[in-house]
There are 2 protein chains.
Amino acid sequence: MKKKPITILDIGEELNISASTVSRALADSSLVNSETKKKVVELAKKYNYQPNFTALSLQSNSTKTIGVLIPNVVHEFFGLVLRGVEDHCHSSGYSCIVYPTNEDPDREISGIKALMTGRVDGVLLSFRGKTNLHIKQLIERNIPLVFFDTADESFATHRVLIDDKKAGYLATKHLIEVGSKKIGFIGGSENINNQLRLEGYKQAVSEAGITIDPQLIVYSLDKSQDEMGLEDSEKLLSVKGIDGIFATTDMFAVGVLKNLKKINLKCPEDIAVIGFSNWAISRVYEPSLSTVEQPGYEMGIKAAELLIDQIKNPETPSDFKTVLIPTEVIVRTSTARGNNVAHST
Amino acid sequence: MKKKPITILDIGEELNISASTVSRALADSSLVNSETKKKVVELAKKYNYQPNFTALSLQSNSTKTIGVLIPNVVHEFFGLVLRGVEDHCHSSGYSCIVYPTNEDPDREISGIKALMTGRVDGVLLSFRGKTNLHIKQLIERNIPLVFFDTADESFATHRVLIDDKKAGYLATKHLIEVGSKKIGFIGGSENINNQLRLEGYKQAVSEAGITIDPQLIVYSLDKSQDEMGLEDSEKLLSVKGIDGIFATTDMFAVGVLKNLKKINLKCPEDIAVIGFSNWAISRVYEPSLSTVEQPGYEMGIKAAELLIDQIKNPETPSDFKTVLIPTEVIVRTSTARGNNVAHST
DNA sequence: TATTCTCATACAAACGTTTGCATTTGTATG
DNA sequence: CATACAAATGCAAACGTTTGTATGAGAATA
C-alpha cells in the first residue's frame with residue numbers, strides 16, 4: 001500500500017542511464033552532458049524527487065541534526081533558549097531533536113544514550129543530574145558537546161552561562177542601594193545556579209557591612225501549584241524588620257508580593273522585592289517587579305553557534321570557551337524608592 | 001583525529017567471525033552458538049558498542065522520529081502540547097524533531113519540506129499558514145500526519161482539537177449567568193480558533209436574547225510587549241455600560257484587568273472578565289482570573305498517540321478521527337459574583 | 001592507420017546494519 | 001559407508017546515496 005518514494009535509480013531507469021549519472025546531473029557536475037542534465041532535472045521535478053535523508057546521512061556520516069537536552073519545555077527561559085537554538089540551527093541548515101528531561105535524571109540518561117547512537121552530530125546540554133558517567137561517554141565518543149545554563153566543571157567543553165554570582169550580587173546590591181538593610185534570600189532547589197546567586201547575595205551583604213543572618217536565607221522546595229513558594233516566603237516575611245527580598249525566580253518573587261498584601265506590608269515602601277529572569281509576569285504583575293534579565297534567546301543562539309562551529313571543525317579545539325551572557329538589573333515598581341529612584345506612583 | 005565508533009564488523013574481526021553472526025548474537029538469535037554469543041556480548045560491552053542509528057534507519061526504512069511543527073515554543077499552551085507529545089514519544093521509543101515556525105509561513109514551508117526527505121516517520125502539525133500545497137505533498141507521499149490545535153478541513157487526517165466554539169459559548173454563558181448583559185469580545189489575530197470562539201460568543205449572546213453589537217467585538221493585532229492588547233481593550237472599555245468581557249487569551253484578559261484599575265472600575269463588581277487557556281498568570285494575578293481550561297498536555301499526548309498508531313499501522317485508515325479534548329470554565333475571582341457564585345472576598 | 005585525448009557514462013565500493021539462503025562441519029541413522 | 005539431518009556460520013543482497021576509477025566512443029593528432 002505504501003508508495004515508495006522516487007529514487008535516483010528510478011529516474012535512471014526511466015532515462016536508461018545509471019544512478020551515478022543521475023546523481024551527478026542533479027549536483028550539476030561538469031562531467032555530465034548538458035542534454036542529459038536537462039532530462040534528469042526535468043524528470044526529477046516531475047516526480048518531485050527528494051534525496052533520501054537517511055541514505056545521505058549514512059554516506060556522509062553526518063545527520064545535520066543536533067540533540068538538545070533541556071530540563072523543562074514549559075518555561076519562559078528555557079523556551080527562549082530553545083527558540084534561539086532553533087533559530088541558529090535553521091539558518092545553518094540543522095535540525096533539533098529536543099529531549100525535555102523534566103529534571104528527571106532517568107530522562108537525562110536515556111536522552112544521552114539515545115544521542116550516542118550517531119543520530120546527532122552534536123549535543124546541547126543543560127546538566128542537572130548528578131551522573132556524569134554518560135556525559136563522559138559522549139565525550140569519549142568525540143561527540144561535540146556544549147553546556148548551557150549549567151555546566152559540569154570537570155569536562156573540557158564550551159559553556160554558555162550567565163554569571164549567576166554577579167547577577168545575585170547586582171540584585172542584592174540594588175536592594176541595598178534603595179535602602180534595604182535586612183535582606184532575605186529565597187531560592188528554589190539548591191542547584192548550582194541558586195548557590196552561586198546566594199554567593200553573590202552574601203558578597204553584596206557583607207560589602208555593605210551587614211552580618212549574614214542564616215534565618216534570612218531560605219530554600220523552598222515547593223513544587224506545588226505554580227512554584228510560588230508561598231509558605232516559605234511567609235516564613236521569611238515573619239522575620240522582624242525585614243525590608244528587602246531577593247528571590248531567585250520571578251515566580252517566587254510574585255509569591256512574596258502576594259503574601260505582602262495579606263499582611264498589609266507595602267511594596268516598595270516597607271519592603272523592596274527583586275526577582276530573577278524578567279519573565280512576562282514581572283512586567284504584568286502589580287506592582288511590577290524589578291528583576292534581573294536572563295537572556296535566554298541570546299544564550300540559545302550562542303550555544304548553537306559554538307556547537308555547530310565545533311561540528312564543522314572537528315579537530316578538537318584546545319581552547320574551550322566559557323561565554324558569559326551579560327545580565328542587568330531591571331528596575332520596576334517593586335524596588336522604586338530610595339535615593340536614586342523616584343517613588344512609585 | 002575523529003575516533004570511528006565500533007561496528008559490528010570490528011567485533012567480528014576481533015573474534016574471527018562474520019558481521020552477520022555478531023548481529024544475530026546481539027539479537028540473541030537461537031541460530032548462534034551460546035559460546036559465541038557470550039563472547040560477542042562481552043566484547044560489545046567492553047567496547048560499549050552502540051548500533052549505528054542511521055544504518056538501522058536506512059535498512060528498516062523507519063527513523064523512529066516524528067516531526068513537530070509548532071507555531072511558538074515560548075508559550076505555555078504550546079509548551080504543554082510539546083511536553084505531552086514528547087512524553088508519549090518517549091514511552092513509545094520515538095524522538096521528536098521540533099520546528100518552531102514562529103507563525104511565519106516560510107518557516108512552516110521549509111519545515112514541511114525538510115520533513116519530506118524521509119527523516120521522520122510522521123508529522124504533527126498545527127497549521128497556521130495559508131499554503132496547503134506542501135501539506136498536500138506530504139499526504140501524497142503517504143507520510144502520516146496529525147493536526148493539532150488547528151486543522152485544515154480539506155485533508156483526510158486525524159485531528160486533535162478543542163471545541164473552540166463550545167468553549168467560547170461556555171465562557172460567554174458564564175458571564176451571562178453572573179449577570180453580565182453588555183458583553184465585549186476581544187481576540188488576537190483573526191485566526192480560525194478565534195473565529196470559532198467568537199461564534200460561540202455570538203450564540204450565547206443571542207440565546208440570552210441580547211442583540212449582537214459590533215462595537216463590542218474587537219480584534220487586536222497588538223504584537224508589542226506581552227501581547228496584552230492594552231490599547232484595544234481600552235477602546236472596548238470606553239463603551240458605555242459594558243459589564244462583561246470575554247478575552248480569547250489570558251494575556252488579553254489581564255490587559256483588561258490592568259486597564260480597569262486605571263479607570264477605577266471594579267472587577268468583578270462592575271464588570272466581569274473571563275480569559276482563555278488557564279495560564280499560570282490567571283491563577284497568580286490579582287484579582288485571579290476566571291478562564292477556560294485548554295488542556296495542552298492531553299492534546300499533545302493524544303496527538304502523538306494517534307500519529308504513532310498510524311505509523312505502526314501503515315495501511316491508510318478509512319476512519320479519520322477528530323478528537324475533541326474536553327474543556328471547562330474555571331471560575332475565579334474575576335467573575336465571582338451574581339446568583340450562583342459567592343461574592344469575592 | 002595507429003595513437004592519444006576528451007567527453008560522457010557506467011561500474012563498484014563504501015557507509016553499517018539485517019536477513020534469506022548457501023555452505024560447512026559434525027553426528028546420527030539406515 | 002553413505003545419506004540425512006541438524007547446528008553453526010558465512011555470503012551476499014538490500015536500503016539510497018556519493019565518488020573514485022574504469023570503460024567506451026568519437027575526434028584529433030602524428
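Scope of the values below: all heavy atoms of this structure, side chains included, with no hydrogens, waters or symmetry mates. Every chain is numbered from 1, with letters handed out A, B, ... down the list of sequences.
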[N] phosphate, OP1 or OP2: any side-chain N/O from [X] under 4.0 angstrom?
{"X": "S57(B)", "N": "dC15(D)", "answer": "no"}
{"X": "T36(B)", "N": "dT9(D)", "answer": "yes"}
{"X": "Y49(B)", "N": "dG16(C)", "answer": "no"}
{"X": "T21(B)", "N": "dG10(D)", "answer": "yes"}
{"X": "S23(A)", "N": "dT18(D)", "answer": "yes"}

Exercise. Run through F148(B), F147(B), F320(B) and flag the one making a ring-ring contact (aromatic ring centres under 6.0 Å, His included) with H158(B).
Key: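 Considering F148(B), F147(B), F320(B), a ring-ring contact (aromatic ring centres under 6.0 Å, His included) with H158(B) is found only for F320(B).
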
Using whole Å, report how far [atom1] of [X] lies from [atom2] of [N].
{"X": "L31(A)", "N": "dT6(C)", "atom1": "CG", "atom2": "P", "value": "14 Å"}
{"X": "K64(A)", "N": "dT17(D)", "atom1": "NZ", "atom2": "P", "value": "18 Å"}
{"X": "N33(A)", "N": "dT6(C)", "atom1": "CG", "atom2": "P", "value": "18 Å"}
{"X": "L9(B)", "N": "dA13(C)", "atom1": "CG", "atom2": "P", "value": "15 Å"}
{"X": "I17(B)", "N": "dA8(D)", "atom1": "CD1", "atom2": "C1'", "value": "11 Å"}
{"X": "L58(A)", "N": "dT17(D)", "atom1": "CG", "atom2": "P", "value": "12 Å"}
{"X": "R119(B)", "N": "dG16(D)", "atom1": "CZ", "atom2": "P", "value": "17 Å"}
{"X": "D28(B)", "N": "dA8(D)", "atom1": "CG", "atom2": "P", "value": "13 Å"}

Can you confirm whether [X] sits close enough to [Y] that some side-chain heavy atom of one is under 4.5 Å from a side-chain heavy atom of the other?
{"X": "L124(B)", "Y": "C96(B)", "value": "no"}
{"X": "Y99(A)", "Y": "L115(A)", "value": "yes"}
{"X": "I66(A)", "Y": "I97(A)", "value": "no"}

Quiz item: Side chain of Q59(B): nearest nucleotide among dT9(D), dA14(D), dT17(D)?
Solution: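 Within the option list, the nearest is dA14(D).
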
Quiz prompt | Nucleotide nearest R24(A) when distance is taken to its side chain, options dT17(D), dA8(C), dA10(C) | solution =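 Nearest nucleotide to the side chain: dA10(C).
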
Quiz item: With both distances kept under 3.5 Å, what pairs with dG20(C), Watson-Crick or G-U wobble?
Solution: dC11(D)

Quiz item: Partner of dT29(D) by Watson-Crick or G-U wobble geometry, both contacts under 3.5 Å, or none?
Solution: dA2(C)

Quiz item: Would you call K37(B) and D28(B) a salt bridge, using N to O less than 4.0 angstrom?
Solution: yes

Exercise. Look at all strands and tell whether F53(A) reaches a base, only sugar-phosphate, or nothing, counting heavy atoms closer than 4.0 Å.
Key: nothing

Practice problem: Remember a base hit wins even if backbone is also touched, and classify N16(B) as base, sugar-phosphate or nothing at under 4.0 Å, heavy atoms. | Solution: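 Contact class for N16(B): sugar-phosphate only.
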
Practice problem: State whether the distance check finds a donor on one side and an acceptor on the other, under 3.5 Å, for side chain S20(B) versus base dC11(D). | Solution: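 Donor-acceptor pair under 3.5 Å: yes.
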
